[in-house]
Amino acid sequence: MKTHSVCFPILATLALSVAVTRANVNNNNIPRGVSPSNAKLYVPDSGSNWSCLDGSKTIPFSAVNDDYCDCVDGSDEPGTSACGTGRFYCANIGHTPSSIKTSRVNDGVCDEECCDGSDEYDGQTHCPNICDKVGAKAREENDRIQSIQNEGARLRRGFIKYGKANKVSLTNELETLKGQVDKVQETLSDARAKLDAANEAQDAYLEGSKSEREAARKQQLEPIIQEQTKRLKYATEVRDTLKLTLQNLKEKHNKNYHDLAVKGTVSGFDEYIVAQGEKTETAKEDSDISSDRQFDALVDETSVVLRDIGTLHDLLDGMKRDYNTEYNDEAVLTAVKVTEDFEVTWDSSRLDFVDVEHLVLPEELPVDNPEAEKFKDETDLAQEAFNDASEKESKVREGIRDIERKLNMDFGPDETFAQLADNCFDFKDSEYTYSICLFGDANQSSHSSTHLGKFSGWEGDSYDIQMYTGGAKCWNGPERSVKLVMSCGTKTEIVSVAEPEKCEYLFKLQTPAVCPVPEDEVEDEGDAEEQEQEQSVEGVQPEGEEHIQKHDEL
Ligand code: MAN
């Protein structure tokens, strides 16, 4: 940095002043580092003096950019680092002009912002002018962004058109449904009254014909009741034979042999007898019970006897396999013979006799009675009419609720987001699959699914950030929540998911819905749309969103 001396001989001072001025102006004769728009601020007065821009001081114009800081605001040194506080303008021809802090002038570093290299002019560092290259790249990037925005804006216009037509159509539909409420309710209460009457009439008839029907059923079930009774009788006889065999074995076997197999069977039989004694008696036959219940009771009783037979057979079979044949104990041999004869008839795996099929209660025979038929048909018809009316009434009510829910949703001032409502998008990272149904729920899943929150509203008023709150509680932390930040893109998709704070998720979504569309254009379209009130939403096909899964078509 030079010292500004007042003692120079006049000629030398003049020569230096000319040299400094030349060296410190650019091609347009504007002091170095000054932008063309600020050039008018750097003009000497009639006495070749100049005032600092903050008005604090007047100095010879030749002191501008003389590498000595005169002004408090640094405005006299826009092209040197002497003050370091001002801004140095780089023209960057071929790219975009910019400015850097004057402290970075001639600091030996090629500043990126000055792609023309004009910030390093003292010859110490050579900074090539790369503005053409940088400019071309920047223009390419700008073009790319511009074309995304143009396409996005085109698609968003489609969203808006759809949203507005959809609102009109939903409003009309709501009117229509509301107009149907009274009628469907009336039809339903008529149908209910008719059904009640038909049921009452049928009940009265059935009560009157009860004994007749019971007699018919009794007749129908008689053969299987007889058969089941026979089976119970036979099973009981077999059980009693096995019991008697074991009782004889117990009393008559030769106790001196101490045959462990025989002893085991006898003591097992004793336990069986004790257990039998503890069992409560089965209900005695009731002459008043229906034939169906009588049959069921017989089946139950038979299966108790069959289970007993199974237990007794296991005892005898155990002895048969392990008894000592050398003892030739008469009582044991008799029991073994009975067992062998019995085994031919017994299927141990089914706990029943070989080849015996279980009996099944037959369906009640259709009533062969025109009067009964008439009551049944009338009840069936009334039931059908009631179901029908009830379904219609629920449909109308659900339809109203659903449309009101949709109409109450904030799809943005121009209805842009209606088309995206209930559309779901997934994003996979290395650990989880995240999914979000717009205006619905967000989830995180791996082996199980965790609720991250439900749509709770927009953040701010720019309609590009949504909040989903009230998700599953975080261990030792808050309830999970999602902030969904949108940016312009030609396709609606989640481009990233992060968890910047524990259990607070940040989803980034690209979508045409937030691509800039000129305000006035949006309003114009709105006006045009209002004139097309009658246009149906089916006529407006959503564009460019074929890939999205829609949960619930609007
Ligand atoms: C799960 C996931 C994570 C979360 C932890 C918090 O592992 O939901 O995203 O950070 O729980 O315990």
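This chain uses plain numbering: 1 for the first residue, then up along the sequence. Counting convention: from 1, in listed order, for ligands and their atoms alike.
- For the pair Tyr434 and ligand 1, the shortest N or O to N or O distance does not fall below 3.5 Å.
- Relative ring orientation between Tyr505 and Tyr434 is described as tilted, the plane-to-plane angle lying within the 30° to 60° band.
- For the pair Tyr505 and ligand 1, the shortest N or O to N or O distance falls below 3.5 Å.
- The side-chain heavy atoms of Ser481 and Leu452, taken from C-beta on, include no pair separated by under 4.5 Å.
- Nearest protein heavy-atom contact of atom 5 (C) of ligand 1 is Arg480 NH2, 3.7 Å.
- Within the listing of ligand 1, atoms 2 (C), 3 (C), 8 (O), 9 (O) sit less than 4.0 angstrom from a heavy atom of Gln444.
- Ligand-side atoms of ligand 1 in range of Cys503: 6 (C), range being under 4.0 angstrom from any heavy atom.
- Checking Gln146 against Asn150 by side-chain atom types alone, a donor-acceptor pair falls below 3.5 Å.
- Which parts of ligand 1 touch Lys502 is read off a 4.0 Å heavy-atom cut-off, strictly below it: atoms 6 (C), 12 (O).
- Between Glu120 and Gly108, the shortest heavy-atom contact is OE1-N, 2.8 Å.
- Scanning the protein for heavy atoms near atom 4 (C) of ligand 1, the closest one is Glu499 OE2, 3.5 Å.
- Counting all heavy atoms, side chain and backbone alike, Cys83 lies closest to Asp76 at SG-OD1, 3.5 Å.
- A donor-acceptor pair shorter than 3.5 Å cannot be found between the side chains of Glu391 and Asn387.
- Listed for the Asp73 side chain is a donor-acceptor partner under 3.5 Å among the backbone atoms of Asp54.
- In terms of polar-atom proximity, defined here as any N/O pair under 3.5 Å, Trp475 makes no such contact with ligand 1.
- In terms of protein heavy-atom proximity, atom 7 (O) of ligand 1 is closest to Tyr432 OH, 3.2 Å.
- Atoms of ligand 1 lying under 4.0 Å from any heavy atom of Cys474, numbered from 1 in the order shown and given with element: 6 (C).
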